[in-house]
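Okay, so here's the structure we're looking at.
For clarity, every value in this text was computed on a predicted model and none was experimentally measured.
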Amino acid sequence: MITLPQQDTPTDFSLVFYENPAETIKSRISFTQNVFSFLVEGYKEIYAQTPKFITGNEFALVTSSCCLMTEKRRLEERAYNSVLLFFSNEALKAFQLRYHDLISKIKAEGEGTFDVQTFPYDTYSNTFRRSLMLLIDSGGATDTELVGVKFNEIMLYLLKRYPERVVSLFNNLHIESEIKLRATVENNLFHQVTLEELAFLCNMSLSTFKRYFQHHYGTSPKRYILSKRMLLAKQLMEHGERPASIYGKVGYQTLSSFAKAYKSYFGIQPHQAQD
């Protein structure tokens, strides 16, 4: 597991240029702070409460404490890289207080929480990303006061541009464990995420996750997830889709693993249901 940001002395803000010449698949990342991830080169997949797939046309704001990260290169000769702007919950609260009058007039988007949000690059955000890279190149990344100014700049811009979405971030400061568990489970039902990985995303041990799941759902996570996947598989096949085209859609890596689960649940092979 990797803990980020790597700080000997915690500060409210930090700015890092991150480069990875190799590709990573579902690395376990524990965030001690929130982070803006400005993708420069490559692709990123973030598994948290809601999985996000990020191309070079957008940047991400992550407020989840635990994520699974997949990083891929766009071209073989180019390393994956991004600019990371970390900020604490205290910095987010200070921003909320500073712009309280403006924020109080805006209704948050949706009822839930948004632990990973993505925003498209536009002329302003592209220029902002370049300004961060210039700050790093000039040695200013260690100046927390200067980095704090850049944080407030991008937050205010997003608040003006995407008011409902940004205001929803403040819900994350008051998230309840049941809401987080349910959001994480429901949004990852049909992705190839293991029980151990779901527990990690909820910041729980596997045994604690199973206990909380049983309490909130009245059944085991394995049984619940299997029933949801099989119900979707049955519906897709009733609409004419073949097993070979749907196994990935219902969370399985291979056709054989899907067929085994289907037979265990329904007592017949998937192809027999369509004969």
Side-chain angles (χ1 to χ4, degrees), residues 1-3 24-32 34-35 37 44-54 60-70 89 108-118 165 168-237 246-254 257-266 270:
M1 183 175 68
I2 302 171
T3 300
T24 60
I25 305 296
K26 288 185 179 178
S27 296
R28 296 190 178 192
I29 308 297
S30 175
F31 286 116
T32 59
N34 312 294
V35 61
S37 177
K44 179 191 288 287
E45 298 175 7
I46 305 176
Y47 293 86
Q49 291 179 35
T50 305
K52 295 287 186 179
F53 304 90
I54 303 170
L61 172 54
V62 182
T63 57
S64 176
S65 59
C66 295
C67 294
L68 302 173
M69 293 280 192
T70 294
N89 279 342
E109 181 180 74
E111 296 295 329
T113 57
F114 299 82
D115 61 337
V116 180
Q117 291 210 50
T118 59
R165 293 181 61 192
S168 70
L169 294 173
F170 301 115
N171 290 346
N172 288 358
L173 298 176
H174 311 287
I175 188 171
E176 297 178 4
S177 60
E178 180 181 356
I179 295 174
K180 181 174 183 177
L181 184 144
R182 288 185 179 275
T184 303
V185 170
E186 299 301 329
N187 290 320
N188 285 287
L189 281 173
F190 308 113
H191 294 276
Q192 296 167 16
V193 179
T194 66
L195 290 185
E196 289 81 2
E197 289 169 340
L198 285 175
F200 173 76
L201 294 178
C202 293
N203 201 20
M204 299 178 183
S205 68
L206 181 59
S207 59
T208 300
F209 173 76
K210 288 180 177 179
R211 185 169 65 251
Y212 271 70
F213 192 101
Q214 183 74 40
H215 174 74
H216 293 307
Y217 282 89
T219 187
S220 71
K222 185 176 180 180
R223 289 177 181 173
Y224 180 82
I225 293 171
L226 178 63
S227 66
K228 290 294 185 180
R229 289 180 172 181
M230 292 301 103
L231 177 61
L232 177 59
K234 185 172 183 293
Q235 291 173 342
L236 292 174
M237 289 196 295
I246 69 169
Y247 69 86
K249 297 178 182 178
V250 295
Y252 293 91
Q253 289 186 325
T254 64
S257 61
F258 164 66
K260 182 179 179 180
Y262 191 95
K263 184 176 181 180
S264 173
Y265 192 81
F266 289 111

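Looking at Leu68 and Arg28, their side chains come closer than 4.5 Å, going by heavy atoms from C-beta outward. Between Pro221 and Leu198, the closest side-chain pair of non-hydrogen atoms is not below 4.5 Å. Met204 places none of its side-chain heavy atoms less than 4.5 Å from the side chain of Lys210. Inter-residue side-chain proximity for Lys44 and Thr70 is flagged as unmet; no heavy-atom pair is nearer than 4.5 Å. Residues Phe209 and Leu181 form a side-chain contact, since some pair of their non-hydrogen atoms from C-beta on lies under 4.5 Å apart.
The SG atom of Cys67 lies 12.0 Å from the NZ atom of Lys52; values are rounded to the nearest 0.5 Å. Tyr262 contributes atom OH, which lies 8.0 Å from atom CD1 of Ile246 (distance to the nearest 0.5 angstrom). Rounded to the nearest 0.5 angstrom, Met237 CE and Leu232 CG are separated by 10.0 Å. Rounded to the nearest 0.5 angstrom, Ile225 CD1 and Phe213 CZ are separated by 5.5 Å. From Gln214, atom CD reaches atom OG1 of Thr219 across 6.0 Å, with rounding to the nearest 0.5 Å. Going from atom OG of Ser65 over to atom CG of Leu201 covers 9.0 Å, rounded to the nearest 0.5 Å.
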Checklist entry - Met1 and Ile29: side-chain contact (heavy atoms from CB on, under 4.5 Å), yes or no, with the steps? => result CA-CA 6 Å; Met1 183 175 68; Ile29 308 297; over 6 Å; no
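Screening residues 226-235 for salt bridge (charged side-chain N to carboxylate O under 4.0 Å, His left out) gives Lys234-Glu238 as the qualifying pairs, with residues at least two apart or on separate chains.
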Could you list the donor-acceptor pairs under 3.5 angstrom formed by side chains in residues 184-191, with sequence neighbours left out?
unit_1	atom_1	unit_2	atom_2	d
Thr184	OG1	Lys180	O	2.7
Glu186	OE1	Tyr224	OH	3.4
Glu186	OE2	Tyr217	OH	2.8
Glu186	OE2	Tyr224	OH	2.8
Asn187	ND2	Gln49	O	3.1
Asn187	ND2	Thr50	OG1	3.0
Asn187	ND2	Ala183	O	2.9
Asn188	ND2	Ala48	O	2.8
Asn188	ND2	Thr184	O	2.8

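Closest approach of Cys66 and Ser64 over heavy atoms only: O-OG, 2.9 Å. Taking each heavy atom of Phe200 and Ser30 in turn, the nearest pair found is CZ-N, 4.3 Å. In plain terms, the two heavy atoms of Phe53 and Tyr47 that are nearest each other are CE2-OH, 3.9 Å. What you find for Leu206 and Ala199 is that their closest heavy atoms are CA-CB, 3.9 Å.
Judged purely by atom type and a 3.5 angstrom limit, Gln117 uses its side chain to pair as donor or acceptor with the backbone of Arg165.
When the shell of 6.0 Å around NZ of Lys260 is examined, it contains 12 or fewer heavy atoms from other residues, nucleotides or ligands.
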